[in-house]
Undergrad: 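Here you go, one structure.
Reckoned from all heavy atoms, side chains included, excluding hydrogens, waters and symmetry mates.
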Amino acid sequence: MKKHSAKVAPVSSFSVSELHAAIIDGGEGAQANTENTSENHEKSRCQSCTSTFLKIVWGFLIILSVSSSWVGTTQIVKITYKNFYCPFFMTWFSTNWNIMFFPVYYSGHLATAQQKQSLLQKIRECSRIFGEDGLTLKLFLKRTAPFSILWTLTNYLYLLALKKLTATDVSALFCCNKAFMFLLSWIVLKDKFMGVRIVATIMAITGIVMMAYADGFHGDSIIGVALAVGSASASALYKVLFKMFLGTANFGEAAHFFSTLGFFNLIFISCTPIILYFTKVEHWSSFSALPWGYLCGVAGLWLAFNILVNVGVVLTYPILISIGTVLSVPGNAVIDLLKHEVIFSVVRLGATIIICIGFLLMLLPEEWDEITLRFINSLKEKKTEEHAEDVADAGVHTRSRSRANGTVSIPLS
């Protein structure tokens, strides 16, 4: 019989050495993926740190700019009053400059935006703050009128107060608007109740009473305090109504709204300074005699302050904007002390400090208590870990000394 020889199956071309190489390549690939993931994580952390650092840097610049512009506005008004006292005309003239807010914003858009929009497209986009249909004549009168009146009232009362009190006192009393805004938001908008803000409100009211008591509840002091508190109250009502009817606004919408206020002021409020002029309540000899340099300085710094406040919300943390506002109080105090040689009484100084502390307490976030507890617990855990490491190190050191001395520790069963 024929014997059939057994056929040997051909050996696969994928040898053991190649299999080993494939395993190594797979391990290297996994290692490379891990390295790429870690690199991406590090890059994202670096970008986050860079973004935070830039926000802080911008924050400090905005703080200095906001406080400087507000201090400059207040001090120039005081200088203007030496030769020219027409507070309503100054308020009207400065408010007209709000018309330039949107052109400034649109110029910045053209300079920085990659996808540029036409002026009409930008106006339509930003006018959505008034509703989906944009700005109509009805909405122009209905929504702009109350805000324009409150805006004018806030600034007019502030300028009147500067005639009766020092710049430091008026700027400190104006900081009470945060406390009034909290009370109105709590009552009208049903915002969250916070005990620390109630304490801050009580401190603000205490500061107001102390400021009024400084001269014995009589004379120009009590009138000046009432005017400054009225200005702060009108400002708080303006902000609460804005939040109620218009909600939150981005920079473009805010620029459009401010320019709309300026147009409303120019069209409808212009009759008031004319009436005051002819009734000789606010009268001047000729237009050439007006201190145009000071008037333009006040209006320009006021416009710069409003622009910086809205730009600052985009570039940095909103809390830093508020800190810039309260820093105008010590800024005005330094100028009053050095230039005007104002002597601050202990009562006035105490009232100013109490109001500023209350203002800073208002800046605490809603979850401040939870954040504080987490921070304290993290500190406790860190101390516990450090203590455990110290105990472990001490145990290792004791065992090493015992072995060096030839002693052996026998554990108890």
Undergrad: Is there a donor-acceptor contact under 3.5 Å linking the side chains of N98 and T95?
TA: no
Undergrad: Determine whether F359 and S322 make a side-chain contact, defined as any pair of heavy atoms from C-beta on separated by less than 4.5 Å.
TA: yes
Undergrad: Specify the closest pair of heavy atoms between N177 and A236, including all atoms of both residues, with the distance to one decimal.
TA: O-CB, 3.6 Å
Undergrad: For Y106 and L119, indicate whether the former's side chain and the latter's backbone hold a donor-acceptor pair under 3.5 Å.
TA: yes
Undergrad: Between atom CZ of F88 and atom CG of N155, what is the distance when rounded to the nearest 0.5 Å?
TA: 10.5 Å
Undergrad: When you compare the side chains of R348 and S221, does any donor N or O come within less than 3.5 Å of an acceptor on the partner?
TA: yes
Undergrad: Judged by modelled atom types alone, do S270 and W92 share a side-chain donor-acceptor pair under 3.5 Å?
TA: yes
Undergrad: Do the side chains of M362 and F182 get nearer than 4.5 Å, heavy atoms only?
TA: yes
Undergrad: How many angstroms lie between OH in Y105 and CG in N310, if you round to the nearest 0.5 Å?
TA: 11.5 Å
Undergrad: Without hydrogens or angle criteria, can the side chains of H109 and Q115 be said to hold a donor-acceptor pair below 3.5 Å?
TA: no
Undergrad: Side-chain contact, heavy-atom cut-off 4.5 Å: P291 with N83?
TA: no
Undergrad: How far apart are the closest heavy atoms of H256 and C126, and which atoms are they?
TA: CB-CB, 3.8 Å
Undergrad: Identify the two heavy atoms, one from L160 and one from P87, that lie closest to each other, and give their separation to 0.1 Å.
TA: CD2-CG, 3.7 Å
Undergrad: Which class fits the ring pair F101 and F258: parallel under 30°, tilted 30 to 60°, perpendicular over 60°?
TA: parallel
Undergrad: Look at the aromatic rings of Y158 and W70 and report parallel, tilted or perpendicular, splitting at 30° and 60°.
TA: tilted
Undergrad: Within the 4.5 Å heavy-atom criterion, are M203 and I355 side-chain neighbours or not?
TA: no
Undergrad: Mind listing the closest non-hydrogen atom pair of T166 and K78 along with its distance?
TA: CA-NZ, 4.2 Å
Undergrad: Would you say the side-chain atoms of T325 pair up with the backbone N or O of I321, donor to acceptor, closer than 3.5 Å?
TA: yes
Undergrad: How many angstroms lie between CG in L173 and OG1 in T352, if you round to the nearest 0.5 Å?
TA: 7.5 Å
Undergrad: If I compare all heavy atoms of S171 with all of N332, which pair ends up nearest, and what's the gap?
TA: OG-ND2, 3.4 Å
Undergrad: Dump the intermediate steps for side-chain contact (heavy atoms from CB on, under 4.5 Å) on V342 and L337, then the final yes or no.
TA: CA-CA 5 Å; V342 175; L337 186 64; 6.0 Å; no
Undergrad: Is it true that atom CD1 of I343 has more than 12 heavy atoms of other residues, nucleotides or ligands lying nearer than 6.0 Å?
TA: no
Undergrad: With side-chain contact (heavy atoms from CB on, under 4.5 Å) as the criterion, how do Y238 and F147 come out once you've worked through the C-alpha distance, each side chain's angles and the decisive distance to 0.1 Å?
TA: CA-CA 6 Å; Y238 171 94; F147 290 108; 3.8 Å; yes
Undergrad: If we only count heavy atoms from C-beta on, is the C176 to I208 side-chain gap below 4.5 Å?
TA: yes
Undergrad: When the ring planes of W284 and F287 are compared, do they come out parallel, tilted or perpendicular, using 30° and 60° as the limits?
TA: perpendicular
Undergrad: Any non-hydrogen side-chain atom of F174 less than 4.5 Å from a side-chain atom of S328?
TA: no
Undergrad: Classify the ring geometry of Y81 against Y85: parallel below 30°, tilted from 30° to 60°, perpendicular beyond 60°.
TA: perpendicular
Undergrad: Which heavy-atom pair separates L153 from A234 by the least distance, and what is that distance?
TA: CD2-CB, 4.2 Å
Undergrad: Roughly how far apart are L135 CG and I129 CD1, rounded to 0.5 Å?
TA: 10.5 Å
Undergrad: Give a yes or no on whether the backbone of A113 and the side-chain of K116 come within a donor-acceptor separation of less than 3.5 Å.
TA: yes
Undergrad: Is the ring centre of F140 less than 6.0 Å from the ring centre of F264?
TA: yes
Undergrad: Kindly say whether G72 contributes a backbone atom to a donor-acceptor pair with the side chain of Q75 at under 3.5 angstrom?
TA: no
Undergrad: Evaluate the side-chain hydrogen bond (donor to acceptor under 3.5 Å, both in side chains) criterion for residues T168 and D336: first the C-alpha distance (whole Å), next the side-chain angles of each, then the deciding distance (0.1 Å), finally the verdict.
TA: CA-CA 7 Å; T168 306; D336 285 344; 2.7 Å; yes
Undergrad: Salt bridge between D191 and R197, side-chain N to carboxylate O under 4.0 Å?
TA: no
Undergrad: Parallel, tilted or perpendicular: which describes the rings of F242 and F257, with under 30° parallel and over 60° perpendicular?
TA: perpendicular
Undergrad: With rounding to the nearest 0.5 angstrom, report the OG1 to CG distance, T144 to L141.
TA: 7.5 Å
Undergrad: Should F102 and I123 count as side-chain neighbours, where that means a heavy-atom distance under 4.5 Å?
TA: yes
Undergrad: For S286 and S288, test the side chains for any donor-to-acceptor distance below 3.5 angstrom and give the result as yes or no.
TA: yes
Undergrad: Could you tell me the separation between the CG atom of L320 and the CD1 atom of I63, rounded to the nearest 0.5 Å?
TA: 4.5 Å
Undergrad: Evaluate side-chain contact (heavy atoms from CB on, under 4.5 Å) for V229 paired with F180, printing each intermediate quantity in order.
TA: CA-CA 10 Å; V229 172; F180 301 148; 3.9 Å; yes
Undergrad: Decide yes or no on side-chain contact (heavy atoms from CB on, under 4.5 Å) for L363 and K178, but give the supporting numbers first.
TA: CA-CA 9 Å; L363 302 182; K178 277 281 183 183; 4.1 Å; yes
Undergrad: Does any non-hydrogen side-chain atom of W151 lie less than 4.5 Å from one of N265?
TA: no
